[in-house]
There are 2 protein chains.
Amino acid sequence: MKRNSRLSLALHTLSHMAVDPSKTRTSADIAGHAGTNPVVVRRVLGRLREAGLLTSEKGHAGGWRLARLPDQITLADVYLALDERLVASDESSDAAACSVEHALHTRVSGVLKEVEQSLVDRLAETLISEIRGA
Amino acid sequence: MKRNSRLSLALHTLSHMAVDPSKTRTSADIAGHAGTNPVVVRRVLGRLREAGLLTSEKGHAGGWRLARLPDQITLADVYLALDERLVASDESSDAAACSVEHALHTRVSGVLKEVEQSLVDRLAETLISEIRGA
DNA sequence: GAAACACGTAACATTTACTGTTGCGTGTTT
DNA sequence: AAACACGCAACAGTAAATGTTACGTGTTTC
């Protein structure tokens with residue numbers, strides 16, 4: 001797989017699950033569809049579980065299922081669960097020699113945060129259930 | 001520096017230049033302010049030059065300058081010039097065994113492209129000259 | 001024309017993040 | 001007890017970005 005494939009894998013899996021939310025899917029099944037490894041699947045879906053989007057069960061008939069209905073999960077939920085960020089927060093100890101430099105640095109960071117928030121707002125407008133739709 | 005610092009470096013440099021657009025700055029100066037290496041600066045600013053945002057001159061009094069006024073450069077110009085993308089386009093040969101899988105894959109990609117376009121639209125609303133402002 | 005200067009670029013090492021893989025433990029169902 | 005499936009640690013492999021050095025090219029200055 002390529003870089004930054006976690007969001008892609010997560011959305012693919014969730015929208016696939018949205019077709020039949022009652023069905024339980026194993027990591028191996030999902031990995032087969034996504035062309036990757038079961039452990040990788042568990043790593044990514046584990047984050048979604050921590051965020052309350054999925055549940056997992058051990059044992060004979062275990063596997064993964066949606067913790068909410070697919071029309072109650074937005075792309076923002078997924079994005080934030082994966083802790084992806086547009087740019088590194090660059091908290092480089094802020095030891096700017098000049099105060100003007102420091103102020104500028106603060107402003108750039110502020111602008112980027114505003115943009116990031118706009119992105120999250122946009123992601124919150126799309127539901128998992130809408131991916132299949134059209 | 002940290003990962004994904006190109007956008008941060010570019011915005012920092014451009015907004016710094018916006019204070020006095022007539023002044024020429026060397027890679028070494030910029031690298032000093034940004035806490036990095038002159039060659040790294042040239043690599044990043046080189047992309048901005050290709051996109052028509054900056055000009056560079058060799059020689060004794062050479063260096064970098066804005067190619068446009070700071071109120072005629074948007075964050076989208078910078079973002080696109082650096083060729084950064086929200087997610088990898090994941091063109092993994094599309095050899096999905098099942099046609100349903102293929103359709104789903106296409107839909108996920110489409111949704112991500114729409115989100116990316118929304119991000120660019122948002123970035124286009126902010127000018128370099130606005131970074132210092134407030 | 002020689003020297004100083006600054007970018008352009010190649011080449012390589014280093015760093016970092018992610019992915020791929022194996023192995024083993026834990027819990028559940030049959 | 002056996003089969004199953006997740007949880008997790010550990011490690012190798014891979015890919016991208018960054019840091020660094022070296023050298024070429026073009027421009028200005030003397």
Side-chain angles (χ1 to χ4, degrees), chain A residues 1-10 12-13 17 23-51 53-67 79 81-92, chain B residues 1-10 12-13 17 23-51 53-67 79 81-92:
Chain A
M1 287 197 103
K2 286 188 175 180
R3 178 175 162 266
N4 220 8
S5 59
R6 289 182 305 189
L7 182 59
S8 183
L9 171 60
H12 195 101
T13 303
M17 286 176 143
K23 185 177 175 185
T24 299
R25 288 158 177 89
T26 68
S27 302
D29 286 344
I30 295 166
H33 285 143
T36 184
N37 192 290
V39 179
V40 175
V41 171
R42 284 181 207 131
R43 277 206 281 250
V44 174
L45 298 193
R47 297 200 188 199
L48 303 186
R49 183 190 52 226
E50 290 172 17
L53 307 182
L54 289 176
T55 60
S56 64
E57 286 166 19
K58 296 181 178 179
H60 189 82
W64 300 87
R65 241 183 310 182
L66 293 179
Y79 180 79
L82 295 179
D83 203 40
E84 309 222 339
R85 290 301 129 91
L86 193 58
V87 292
S89 48
D90 194 9
E91 303 293 355
S92 54
Chain B
M1 288 196 102
K2 285 188 175 180
R3 178 173 164 268
N4 220 11
S5 60
R6 290 183 304 190
L7 182 59
S8 182
L9 170 61
H12 195 103
T13 302
M17 286 177 145
K23 186 177 175 185
T24 298
R25 289 160 176 88
T26 68
S27 301
D29 286 344
I30 297 167
H33 285 142
T36 183
N37 192 289
V39 179
V40 175
V41 170
R42 284 182 209 132
R43 278 206 281 249
V44 174
L45 298 193
R47 298 201 186 197
L48 303 186
R49 183 190 53 227
E50 290 171 17
L53 307 182
L54 289 176
T55 60
S56 64
E57 285 167 20
K58 295 181 178 179
H60 189 82
W64 301 86
R65 242 184 310 183
L66 294 178
Y79 179 79
L82 295 179
D83 203 41
E84 309 221 340
R85 291 301 131 90
L86 192 58
V87 292
S89 48
D90 193 8
E91 303 293 353
S92 55

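Labels below follow one simple rule: chain letters A, B, ... track the order of the sequence lines, proteins then strands, and each chain is numbered from 1.
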Distance check: side-chain N/O of B:Arg42 vs OP1/OP2 of C:dG8, anything under 4.0 Å?
no
Between D:dA16 and B:Arg6, is there an OP1 or OP2 to side-chain N/O distance shorter than 4.0 Å?
no
Atom-pair distance (CG on B:Asn37; C1' on D:dT20), nearest Å
6 Å
Would you say B:Thr36 places a side-chain N or O within less than 4.0 Å of OP1 or OP2 belonging to D:dT18?
no
Indicate the atoms forming the closest heavy-atom contact of A:Lys23 with A:Arg65, along with that distance.
O-CG, 3.2 Å
Could you go through the side-chain contact (heavy atoms from CB on, under 4.5 Å) check for B:Glu57 and B:Thr24 one step at a time?
CA-CA 9 Å; B:Glu57 285 167 20; B:Thr24 298; 5.8 Å; no
Which nucleotide in the set D:dC8, D:dC6, D:dT25 lies at the smallest distance from any side-chain heavy atom of A:Val39?
D:dC8
Establish, with yes or no, whether the OP1 or OP2 oxygen of C:dC7 is under 4.0 angstrom from a side-chain nitrogen or oxygen of B:Ser56.
no
Do the side-chain N or O atoms of B:Thr26 get closer than 4.0 angstrom to the phosphate oxygens (OP1, OP2) of C:dC5?
no
Return the nucleotide paired to D:dG24: Watson-Crick means purine N1 to pyrimidine N3 with N6-O4 or O6-N4, wobble means G-U with N1-O2 and O6-N3, both under 3.5 Å.
C:dC7
Side-chain donor/acceptor of A:Arg43 to base of C:dG20, under 3.5 Å
yes
Are A:Ser27 and D:dA5 close enough that a side-chain N or O sits under 4.0 Å from OP1 or OP2?
no
Give me the atom names and distance for the closest heavy-atom approach of B:Leu48 to B:Ala10.
CD1-CB, 4.0 Å
